Amino acid sequence: MKRFNDRATIALVLILWGFGYLLVDITATLGGRTYFLGFMFLTNLPLYALGVGQSLGLLWVLGRTGSLSPWVRWPLMIGATLCAGAIQTVVDLHYLKILALTVIPDWRVWATNLGQHRLGPVLILYFWTFGLMFAITGTARANSLARYNEARANALEAAHQRAEASALRMQLNPHFMFNALNSVASLVVARREDDAERMIGLLADFLRSSLNADPARDVTLEEELATLQAYLRIEEIRFGDRMKVVLDVDPETLSIMTPSFLLQPLAENAVKYGVAPVSHPVSIRVASRLEGENLILTVENRAGGGGVRAASSAAQADEHQVKHGIGLANTRQRLAIARGEGAWLTALPLDDGFRAEIGLPMMEARPKPGAVRPRRRKVAS
């Protein structure tokens, strides 16, 4: 575990003792016992060094006795502190007395008198200083440990969210891979070698972008749509004329950040429950628009024909999608991880299909220098 910085401990001890002896110097100057401000502080430098050294020694003992029982540790520390205070007091009184007798005769009046009226206050002052030292350094250590634990907790939470996002995304890949490989096999059996070769190429491109992507990293909507189109092209080859893709994208939304692979599970649901179970044409529409400060993303599948029979088939598929589609639950969990309560997902059946809609608070990427936004596009793939 990361400990409180030793340099910070030394700095706090130096400041505490320096401040204490500075107050002594100011008091002595105001009382007329020194020649100038700072004189007493300079003469007390040996005492300052002794106080700092004893304080660091006490802190070292405190750290080394951390494994002891509190009933042993704290009486030991109290005894050590009393000894340090007594040593500091004795050295202080006799040091100043020697100075008065040898170097600074003006101090003889008060420095040579070692009676109780001097001994008591000096002893109490040093006990208080050592106690204050423990309080200040202990508080600093506690604050440092709290910040460290908070940073560690945040890092663990981020790692947990990253792992959860990755796990949620991995739920989708096996299902898609099975369908894609099964489709390739079907194309080969049907002697559609060109389509099979094209699907293998698209599948390789899609898997490459999928493996390189960080599931916890946001991407621009433009990047998200590029990956989604690679997936939808694969499915278009698989279903042929039964599936048509329409993109209705507001160019103002392309630079907005979204969780990576956010739309793919919804598109997979649309294909699995909207296209695969029916024999009539189905249109899959992917749209984006702005509503206030939110980005709205829509994925919907609608029957392209077939009348009552088509509508009935779509309704049955949509009911199954609501009850069993992994994509909706997966997307809700990913939204909760990535955006919290600010994001939402709604899913509702239509007369001839199904619509899933995502709302995201806007997080816009910085535009590249010289970049030009495209016009609004509505494209049928």
Side-chain angles (χ1 to χ4, degrees), residues 3-66 68 70-144:
R3 296 181 178 178
F4 181 58
N5 192 324
D6 289 337
R7 292 182 179 179
T9 303
I10 295 173
L12 286 174
V13 172
L14 291 172
I15 292 172
L16 172 64
W17 283 96
F19 181 73
Y21 281 113
L22 180 61
L23 289 179
V24 171
D25 179 73
I26 294 173
T27 302
T29 302
L30 294 176
R33 290 189 297 177
T34 61
Y35 301 116
F36 54 85
L37 182 64
F39 181 79
M40 178 69 82
F41 184 85
L42 293 175
T43 57
N44 281 335
L45 283 178
L47 298 176
Y48 173 75
L50 177 63
V52 169
Q54 289 203 101
S55 296
L56 296 178
L58 288 172
L59 291 174
W60 180 83
V61 173
L62 180 65
R64 298 289 291 182
T65 58
L68 297 179
W71 297 102
V72 176
R73 186 188 190 197
W74 293 115
L76 177 63
M77 291 308 304
I78 292 173
T81 303
L82 292 176
C83 288
I87 292 173
Q88 192 77 23
T89 300
V90 171
V91 172
D92 180 303
L93 295 177
H94 286 85
Y95 169 70
L96 294 179
K97 180 180 178 180
I98 292 172
L99 288 180
L101 293 174
T102 58
V103 181
I104 314 174
D106 292 345
W107 286 4
R108 291 179 182 178
V109 176
W110 57 271
T112 56
N113 187 352
L114 303 182
Q116 292 184 353
H117 72 282
R118 280 197 64 213
L119 177 64
V122 173
L123 188 62
I124 293 173
L125 177 64
Y126 283 127
F127 285 159
W128 179 86
T129 302
F130 282 114
L132 182 61
M133 179 271 300
F134 277 120
I136 292 176
T137 57
T139 300
R141 286 174 182 266
N143 289 337
S144 177

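Fair warning: this is a prediction, and the values are worked out from it, not measured in the lab.
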side-chain contact (heavy atoms from CB on, under 4.5 Å) evaluation trace for M40 with T29: CA-CA 8 Å; M40 178 69 82; T29 302; 5.9 Å; no
Given N44 and L96, is the side-chain contact (heavy atoms from CB on, under 4.5 Å) satisfied, shown in steps? CA-CA 9 Å; N44 281 335; L96 294 179; 3.8 Å; yes
Go through the steps to decide whether T129 and L132 satisfy the test side-chain contact (heavy atoms from CB on, under 4.5 Å), and finish with yes or no. CA-CA 5 Å; T129 302; L132 182 61; 5.7 Å; no
Verdict with reasoning, I26 to L37, per side-chain contact (heavy atoms from CB on, under 4.5 Å): CA-CA 7 Å; I26 294 173; L37 182 64; 4.1 Å; yes
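Contact annotation: the side chain of F41 never approaches that of V24 to less than 4.5 Å [non-hydrogen atoms, C-beta and beyond]. When side chains are defined from C-beta on, R64 does not count as touching V61, because their heavy atoms never get closer than 4.5 Å. Side-chain contact between R33 and D106: absent, with no pair of heavy atoms (C-beta onward) separated by less than 4.5 Å. Looking only at side-chain heavy atoms (C-beta outward), V13 and L59 come within less than 4.5 Å of each other. Contact annotation: the side chain of V103 never approaches that of T43 to less than 4.5 Å [non-hydrogen atoms, C-beta and beyond]. Side-chain contact between L50 and Y95 is absent, with no heavy atoms from C-beta onward closer than 4.5 Å. Counting heavy atoms from C-beta outward, Y126 and I87 have side chains that stay 4.5 Å or more apart.
Considering CH2 of W74 and CD1 of I78, their distance stands at 8.5 Å, rounded to 0.5 Å. Interatomic distance, CG of N113 versus NZ of K97, reported as 9.5 Å (0.5 Å rounding). A distance of 9.5 Å separates CG of L16 from CZ of F130, quoted to the nearest 0.5 Å. Summarising the geometry, atom OG1 belonging to T89 is positioned 10.0 Å from atom CG belonging to L47; distances are rounded to the nearest 0.5 Å.
A side-chain N or O of W17 and one of S55 form a donor-acceptor pair less than 3.5 Å apart. For the residue pair T137 and T9, no side-chain donor N or O sits within less than 3.5 Å of a side-chain acceptor on the partner.
Relative ring orientation between Y48 and Y21 is described as perpendicular, the plane-to-plane angle rising above 60° on a 0-90° scale split at 30° and 60°. Using the six-membered ring where Trp is involved, F39 and F36 have ring planes that are perpendicular, over 60° apart on the 30 and 60° scheme.
Smallest separation of non-hydrogen atoms from L123 and A86: CD1-CA, 3.9 Å. Residues L58 and T81 approach most closely at CD2-N, 4.0 Å, considering heavy atoms. Pairing each heavy atom of T65 with each of L62, the nearest pair is OG1-O, 3.2 Å. Scanning both residues, L42 and P46, for their nearest heavy atoms gives O-CD, 4.4 Å. Residues R73 and L68 come closest through the heavy atom pair CB-CB, 4.2 Å.
Side chain of R118 to backbone of A111: a donor-acceptor contact under 3.5 angstrom is found. Without hydrogens or angle criteria, S144 side chain to A140 main chain gives no donor-acceptor distance under 3.5 Å. Put simply, the side chain of Q54 gets close to the backbone of A84: a donor and an acceptor are under 3.5 Å apart.
Around CZ of F19, the count of heavy atoms belonging to other residues, nucleotides or ligands within 6.0 Å does not exceed 12.
Between W110 and W107, the gap from one ring centroid to the other is short of 6.0 Å.
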